[in-house]
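Okay, so here's the structure we're looking at.
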Protein chains: 2
Amino acid sequence: MDPSAALRERGLRVTEPRLRVFEAVGRYPHADADTVLTEVRRTLPTVSVQAVYDVLHALTDAGLLRRIEPAGHPARYERRVGDNHHHVACRGCGALGDVDCAVGHAPCLVPSSTSGFTIETAEVTYWGLCPACRAAGTT
Amino acid sequence: MDPSAALRERGLRVTEPRLRVFEAVGRYPHADADTVLTEVRRTLPTVSVQAVYDVLHALTDAGLLRRIEPAGHPARYERRVGDNHHHVACRGCGALGDVDCAVGHAPCLVPSSTSGFTIETAEVTYWGLCPACRAAGTT
DNA sequence: CACCGTTCCTGGAATCATTCAAGTAAACGC
DNA sequence: GCGTTTACTTGAATGATTCCAGGAACGGTG
């Protein structure tokens, strides 16, 4: 999908920073704001911190990016949207991996009592160790 | 369970701040650090911010409290530990509710591919609206 | 029950990710 | 091209949490 077209499609103006941010997240899946900033500045050294945060929000609101916030770590962004997949987070280094949900509507995702809340989405985060941290013995 | 005994049991010294913090979390389930601080200061006006954070960490490490970090909100603490229950978070106000897991080991909680990660726990967060926010029309 | 090492608490400052504010600049439709 | 709208820039602020150094309390021991 053409990034420019994707932006226009959602009524977003096509700007250099937006294209670069979108592309950077594509190249670095699960990148945090700082990684995106650094990456974008490689080819567009003048972008401001706020521009990046701004763009990330705009793209997230437009449904082009998905925001992930693992407890205790800065927010990450990914381009894989629209499918029902979840994440594994490493207790050691915070690395993130994708996990496809084997069963779309597992029993556990239809809670028994909801305390009166209207439920819209279920979000699953698995916690464990990535191969690198396991090898390093980070128990 | 006697709080003092619980503390001693885990090799923690019994101090006034610890008892008050523990008790405050019991009275305000899903309280954040600030709420605990305010509440403890009602009866112990001199406690410092750091003492509260310190105690919350110590109790969490000792397994007496569980720390919950809903995306976009300060960390919360609860005394209900050891059982496999999850949470509903309100998109509007951030209120939290408990959700018992209908099926302890649902298929969805045993992911198909794990990107090489060793998985230890699965954490489920439901997002929706609490009764109050629904009534207020916070769409 | 006084002693002492360990553990804890206090006050103040620092950190990190993120956001706010105000002005300037660039994108799109005509 | 021209104006309106939206986006970006610079600079500073915010909020949750943590670091640091010194002083105080706990509680096992003699």
Side-chain angles (χ1 to χ4, degrees), chain A residues 3-22 24-25 30-41 43-62 64-65 67-77 93-94 96, chain B residues 3-22 24-25 30-41 43-62 64-65 67-77 93-94 96:
Chain A
S4 306
L7 287 170
R8 244 185 287 270
E9 217 168 76
R10 330 241 163 181
L12 292 178
R13 290 187 179 174
V14 180
T15 67
E16 214 49 42
R18 289 182 172 177
L19 291 174
R20 308 293 177 111
V21 165
F22 192 53
V25 176
H30 307 141
D32 59 18
D34 199 57
T35 302
V36 173
L37 178 66
T38 305
E39 196 52 29
V40 170
R41 279 192 172 157
T43 60
L44 205 67
T46 59
V47 270
S48 62
V49 176
Q50 290 65 18
V52 168
Y53 276 100
D54 226 358
V55 170
L56 287 172
H57 276 150
L59 297 186
T60 303
D61 289 347
L64 289 172
L65 292 182
R67 182 193 182 101
I68 315 150
E69 296 182 52
H73 295 278
R76 317 294 193 80
Y77 296 86
C93 63
L96 235 54
Chain B
S4 306
L7 286 170
R8 245 184 286 270
E9 216 167 76
R10 331 242 161 180
L12 292 178
R13 291 189 178 170
V14 179
T15 67
E16 214 48 43
R18 289 182 170 179
L19 292 174
R20 307 294 176 111
V21 165
F22 193 55
V25 175
H30 309 138
D32 59 18
D34 198 57
T35 302
V36 173
L37 178 66
T38 305
E39 194 52 29
V40 170
R41 278 191 171 157
T43 59
L44 205 67
T46 59
V47 268
S48 63
V49 175
Q50 291 65 19
V52 168
Y53 276 100
D54 224 357
V55 170
L56 287 172
H57 275 150
L59 297 186
T60 302
D61 289 347
L64 290 173
L65 292 183
R67 182 194 181 99
I68 315 153
E69 297 183 52
H73 295 278
R76 317 293 195 80
Y77 296 86
C93 63
L96 236 54

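Chain letters run A, B, ... following the sequence lines, proteins first and then strands; every chain starts at 1.
- Counting heavy atoms from C-beta on, the side chains of Pro74(B) and Asp34(B) never come closer than 4.5 Å.
- Between Glu16(A) atom CD and Thr46(A) atom OG1 the span is 10.0 Å, to the nearest 0.5 Å.
- Residues Arg13(A) and Arg18(A) have side chains in contact (heavy-atom distance under 4.5 Å, counting atoms from C-beta outward).
- Distance, Asp32(A) CG to dT18(C) P: 8 Å, rounded to whole Å.
- Rounded to an integer number of Å, the gap from Leu59(A) CG to dA7(D) P is 11 Å.
- Here the P atom of nucleotide dA7(D) and the CG atom of Leu56(A) are 14 Å apart, to the nearest Å.
- The closest side-chain heavy-atom distance from Arg20(A) to Val47(A) is not below 4.5 Å.
- Sequence order on DNA chain D of the closest nucleotides to His57(B) and Arg8(B) puts His57(B) first from the 5' end.
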Show me, pair by pair, the donor-acceptor contacts under 3.5 angstrom made by side chains of residues 50-60 of chain A, not counting sequence neighbours?
from     : atom 1 : to       : atom 2 : distance (Å)
His57(A) : NE2    : Arg67(A) : NH1    : 3.2
Thr60(A) : OG1    : Leu56(A) : O      : 2.6

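- Rounded to whole Å, atom C1' of dA7(D) lies 18 Å from atom OH of Tyr53(A).
- If you take CZ on Arg76(B) and OG1 on Thr35(B), they are separated by 7.5 Å, rounding to the nearest 0.5 Å.
- Rounded to an integer number of Å, the gap from His73(A) NE2 to dT18(C) P is 13 Å.
- Taking the side chain as every heavy atom from C-beta outward, Leu19(A) and Leu7(A) approach each other to under 4.5 Å.
- Between Leu44(A) atom CG and dA7(D) atom P the separation is 17 Å, expressed in whole Å.
- Nearest heavy atoms, Glu39(B) versus Ala24(B): CG-CB, 4.0 Å.
- Of the candidates Val36(A), Leu64(A), Val40(A), Val36(A) is the only one forming a side chain to side chain contact (heavy atoms under 4.5 Å, CB included) with Val25(A).
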Any N/O pairs under 3.5 Å between the protein and nucleotides 7-10 of chain C? List them or say none.
from    : atom 1 : to       : atom 2 : distance (Å)
dT7(C)  : O4'    : Arg13(B) : NH1    : 3.3
dC8(C)  : OP1    : Arg18(B) : NH1    : 3.1
dC8(C)  : OP1    : Arg18(B) : NH2    : 2.6
dC8(C)  : O5'    : Arg18(B) : NH2    : 3.4
dC9(C)  : OP1    : Thr15(B) : OG1    : 2.9
dT10(C) : OP1    : Thr46(B) : O      : 3.4
dT10(C) : OP2    : Ser48(B) : N      : 3.1
dT10(C) : OP2    : Ser48(B) : OG     : 2.9

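- Here the C1' atom of nucleotide dA7(D) and the CZ atom of Arg20(A) are 16 Å apart, to the nearest Å.
- Two end axes, each from the C1' atoms of five base pairs, can be drawn for the helix from dC1(C)-dG30(D) to dC30(C)-dG1(D); they diverge by 30°, to 10 degrees.
- Separating the CG atom of Leu37(B) from the C1' atom of dT18(D) is a distance of 15 Å, rounded to the nearest angstrom.
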